[in-house]
Trainee: 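Once you've had a glance at the structure underneath, I'll fire off some questions.
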2 protein chains.
Amino acid sequence: MSNAPDLLFRTLADPTRRAIFERLCRNGEQTVGALTAWAGVSQPAVSKHLGVLKLAGLVRDRHEGRQTHYSAQLRALTPLIDWTQQMAGFWESRFDDLEDLLKRMDQ
Amino acid sequence: MSNAPDLLFRTLADPTRRAIFERLCRNGEQTVGALTAWAGVSQPAVSKHLGVLKLAGLVRDRHEGRQTHYSAQLRALTPLIDWTQQMAGFWESRFDDLEDLLKRMDQ
DNA sequence: TCGATCGATAACTCGTTGGTTATGGATTGA
DNA sequence: TCAATCCATAACCAACGAGTTATCGATCGA
């Protein structure tokens with residue numbers, strides 16, 4: 001039924017991968033090299049995490065010469081918000097602001 | 001840093017476990033037997049999932065004779081909501097710094 | 001052109017975990 | 001009291017996944 005958030009939950013479950021996504025949210029676009037220098041794992045590990053994030057739609061990549069720049073795609077979090085809202089029902093009104101924000105970014 | 005949502009993401013990443021939690025959200029309190037009859041896995045598997053959910057604070061158990069009733073604890077989802085809002089907040093603050101970034105974004 | 005750098009992929013290891021069956025303690029009902 | 005039911009735990013197994021090193025294609029600088 002709610003199969004939509006499945007990929008998101010699985011993708012964000014790993015701490016290293018989620019940390020990479022968080023950093024992209026905080027600091028904006030980063031190259032693989034920059035992310036590798038910061039994360040505590042090897043470059044192939046970072047590349048693999050970025051691949052998983054991209055499959056989940058959570059990041060975009062932009063090629064520039066021999067480097068690849070990655071940036072967060074916050075819109076991909078929408079199914080997560082929808083799922084939580086569905087579970088919580090009407091209970092949390094804090095979501096309203098976030099919904100508006102995502103709607104503004106949608107175009 | 002954002003260690004709070006880690007347990008939640010990991011706990012909700014498994015489809016079977018999340019399905020059990022969803023059912024408890026939708027249909028309210030259920031016994032282990034009722035959940036086992038509905039889920040496609042064995043009774044020990046259900047018990048184990050309920051144990052993990054309980055460790056994450058996502059369910060409560062109530063003992064009544066030889067049966068155990070489980071119910072969802074929606075308040076435990078709060079760190080998940082906070083995390084999502086925080087990610088959106090980081091995103092938004094970057095818009096504040098670069099006022100014309102929105103224009104350059106091809107979305 | 002050539003060596004160096006960047007990032008993706010391949011191949012492999014190994015710990016984690018979600019599943020199973022077996023079992024035991026506790027409670028109910030006859 | 002005693003058999004049956006409910007649920008939790010133990011023990012085990014197989015699959016998955018996150019990490020590693022090795023390597024290769026592509027691109028840049030000199």
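Every chain is numbered from 1 and lettered A, B, ... according to where its sequence line falls, protein lines coming before strand lines. Just so it is clear, the values below take in all heavy atoms, side chains as well, and ignore hydrogens, waters and symmetry mates.
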Trainee: Can you measure B/Q67 atom CD to D/dA8 atom P for me and round it to whole angstrom units?
Mentor: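 The distance from CD of B/Q67 to P of D/dA8 comes to 11 Å, rounded to the nearest Å.
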
Trainee: C/dC6, OP1 or OP2 - any side-chain N/O from A/T31 closer than 4.0 Å?
Mentor: no

Trainee: Among residues at least two apart in sequence or on other chains, which ones pass side-chain contact (heavy atoms from CB on, under 4.5 Å) with B/R23?
Mentor: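 For B/R23, the residues satisfying side-chain contact (heavy atoms from CB on, under 4.5 Å) (neighbours in sequence not counted) are B/N27, B/Q30, B/L35, B/W38.
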
Trainee: CG of A/D6 versus C1' of C/dG18: gap in Å, rounded?
Mentor: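 Roughly 14 Å, once rounded to whole Å.
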
Trainee: With nearest nucleotides of DNA chain D determined for A/D14 and B/A34 from heavy-atom distances, which residue corresponds to the more 5′ nucleotide?
Mentor: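 Checking each residue's closest nucleotide, the 5'-ward one belongs to B/A34.
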
Trainee: Assign B/T36 to base, sugar-phosphate, or nothing according to its heavy-atom contacts below 4.0 angstrom with the strands shown.
Mentor: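 Nothing: the residue B/T36, judged by heavy atoms under 4.0 Å, touches no strand.
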
Trainee: Walk me through whether A/L8 and A/L58 qualify under side-chain contact (heavy atoms from CB on, under 4.5 Å).
Mentor: CA-CA 8 Å; A/L8 283 182; A/L58 286 165; 3.9 Å; yes

Trainee: Looking at every non-hydrogen atom in both residues, tell me the closest pair between A/P79 and A/P5 and how far apart they are.
Mentor: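 Closest pair (atom of A/P79, atom of A/P5, distance): O-CB, 4.2 Å.
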
Trainee: Starting at CG of B/L55 and ending at C1' of C/dT16, how long is that distance when rounded to a whole Å?
Mentor: 16 Å

Trainee: Please tell me if the side chains of A/S47 and A/Q43 come closer than 4.5 Å, counting only heavy atoms from C-beta onward.
Mentor: yes

Trainee: Looking at B/L55, B/V32, B/T68, which one forms a side chain to side chain contact (heavy atoms under 4.5 Å, CB included) with B/L50?
Mentor: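 Exactly one candidate clears the test, B/V32.
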
Trainee: Under 4.0 Å from OP1 or OP2 of C/dT17: is there any side-chain N or O of B/H49 that close?
Mentor: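 Answer is no, no contact under 4.0 Å.
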
Trainee: What is the distance, to the nearest angstrom, from the CG atom on A/L35 to the P atom on C/dC6?
Mentor: 13 Å

Trainee: Once each nucleotide of nucleotides 20-30 of chain C is scored for protein heavy atoms under 4.0 Å, what B/S/- sequence comes out, 5' to 3'?
Mentor: BBB----BS--

Trainee: Report the end-to-end axis angle of the helix from C/dT1-D/dA30 to C/dA30-D/dT1; each axis comes from five terminal pairs, and the value is rounded to 10°.
Mentor: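 Rounded to the nearest 10 degrees, the bend comes out at 20°.
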
Trainee: Rounded to the nearest 0.5 Å, how far apart are CD of A/E22 and CZ of A/R17?
Mentor: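 The CD atom of A/E22 sits 13.0 Å away from the CZ atom of A/R17.
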
Trainee: Send over the distance from B/R10 CZ to D/dG17 C1', rounded to a whole Å.
Mentor: 14 Å

Trainee: Students often mix this up, so state it plainly: with edges at 30° and 60°, are the rings of B/W83 and A/F21 parallel, tilted or perpendicular?
Mentor: tilted

Trainee: Atom NE2 of A/H63 to atom P of D/dT27: distance rounded to whole Å?
Mentor: 11 Å

Trainee: To the nearest Å, how far apart are A/L7 CG and D/dC16 P?
Mentor: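 Distance, rounded to whole Å: 16 Å.
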
Trainee: Closer than 4.0 Å, any side-chain N/O of A/Y70 to the OP1 or OP2 of C/dA8?
Mentor: yes

Trainee: Just wondering, do B/R10 and A/D14 contact through their side chains at under 4.5 Å, heavy atoms?
Mentor: no

Trainee: Would you kindly give the NZ-to-C1' distance between B/K54 and D/dC7, to the nearest whole Å?
Mentor: 13 Å

Trainee: Regarding A/T68, tell me which of base, sugar-phosphate or nothing describes its non-hydrogen contacts under 4.0 Å with the strands shown.
Mentor: sugar-phosphate

Trainee: Which heavy atom of B/P15 sits nearest to which heavy atom of A/D6, and what is that distance?
Mentor: CG-OD1, 3.3 Å

